[in-house]
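Reading through the structure tokens given below for one structure.
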Amino acid sequence: MAVSTVRILGTEQLLELSRRLRATSGAPIQRNMARRIRRAAEPLKNDMQSTIRGLPIRPQGRAAGNRGGPSPTTRPLRATVAAAVRLSVRTSSRPGARVWVDKSALPADLKDMPQSMNSANGRIRHPVFGNRRRWANQWTTPLWWDKTVRAHTPRMQAEVARVLDDVRRQLE
């Protein structure tokens, strides 16, 4: 599963229900369905943000010598990535909820950071203070995005099934 996007989609039932909603012009029912699907996905988004904020990032060991110093940026990495997590809900074509990292909300030098942070080995490789001739490695919890999604999937699927049943009953 890619770190930049997670889609919680219903089965063919969700598409069929969406078509029936459009055919009966059930705008209030459609808004209600979208609100309830958003409410079902909101805990995943919030947990994703808190997981990112609390993600441990361990440095590699320091080499001998007098190195170090203040960071050249005051931008907090984890808070910046967490703020870029978005939730969108669609009830028209391709209906469902989608939790994703909005790369346009990230600074240019952090566009690929969510994928790096979620890599299978958890390694973040970056230049030392912007010096592209000297690189450093840092490690974080591997596959944190996938683990968080897996933890929330059963609850979200049950909630979306409940919403679909309620909307189906309203349309009958």
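The structure displayed is predicted, hence computed values, not measured ones.
- If you run salt bridge (charged side-chain N to carboxylate O under 4.0 Å, His left out) between Asp102 and each of Lys111, Arg86, Lys45, only Arg86 comes through.
- The CG atom of Leu44 sits 13.0 Å away from the CZ atom of Arg98 when rounded to the nearest 0.5 Å.
- In terms of heavy-atom proximity, Val128 sits nearest to Ala136 at CG2-CB, 3.8 Å.
- Between Asn131 and Arg134, the side chains place no donor N or O within less than 3.5 Å of an acceptor N or O (distance only, hydrogens not considered).
- When all heavy atoms are compared, the tightest approach of Trp145 to Asn118 is N-OD1, 3.0 Å.
- Going from atom CZ of Arg155 over to atom CD of Gln157 covers 10.5 Å, rounded to the nearest 0.5 Å.
- Put simply, the side chain of His126 does not reach to within 4.5 Å of the side chain of Asn137, judged on heavy atoms.
- Annotation: side chain to side chain contact (heavy atoms under 4.5 Å, CB included) contacts of Arg169 (sequence neighbours excluded): Asp165, Asp166.
- Side-chain atoms of Thr80 and Pro107, non-hydrogen and from C-beta on, do get closer than 4.5 Å to each other.
- Partners of Asp47 according to the side chain to side chain contact (heavy atoms under 4.5 Å, CB included) rule, which considers only residues two or more places apart in sequence or in another chain, are Ser50, Thr51, Thr148, His152.
- Side-chain contact between Leu143 and Ser119 is absent, with no heavy-atom pair separated by less than 4.5 Å.
- Looking at residues two or more places apart in sequence or on another chain, you find a side chain to side chain contact (heavy atoms under 4.5 Å, CB included) between Ala82 and Gln49, Ile52, Arg53.
- Without hydrogens or angle criteria, Trp144 side chain to Met117 main chain gives a donor-acceptor distance under 3.5 Å.
- Residues passing the side chain to side chain contact (heavy atoms under 4.5 Å, CB included) test with Pro56, sequence neighbours excluded: Arg58, Thr141.
- Nearest heavy-atom pair, Leu87 versus Ala41, reported as atom, atom and distance to 0.1 Å: CD1-CB, 3.5 Å.
- Applying the salt bridge (charged side-chain N to carboxylate O under 4.0 Å, His left out) rule to Arg150 yields no partners; only residues at least two apart in sequence or on another chain are considered.
- Between Val85 and Asn46, every side-chain heavy-atom pair lies at or beyond the 4.5 Å cut-off.
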Review point. For Ile57 and Trp139, what are the C-alpha separation, side-chain angles and deciding distance, and is it a side-chain contact (heavy atoms from CB on, under 4.5 Å)?
Key: CA-CA 6 Å; Ile57 298 178; Trp139 285 270; over 6 Å; no

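- Under the side-chain hydrogen bond (donor to acceptor under 3.5 Å, both in side chains) criterion, Arg162 pairs with Glu159, sequence neighbours left out.
- A donor-acceptor pair under 3.5 Å is absent between the side-chain atoms of Arg123 and the main chain of Thr140, judged by distance alone.
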Check your understanding: After noting the C-alpha distance and the side-chain angles of Lys103 and Met113, does the key distance pass the side-chain contact (heavy atoms from CB on, under 4.5 Å) rule?
Key -> CA-CA 10 Å; Lys103 287 187 174 186; Met113 188 55 67; over 6 Å; no

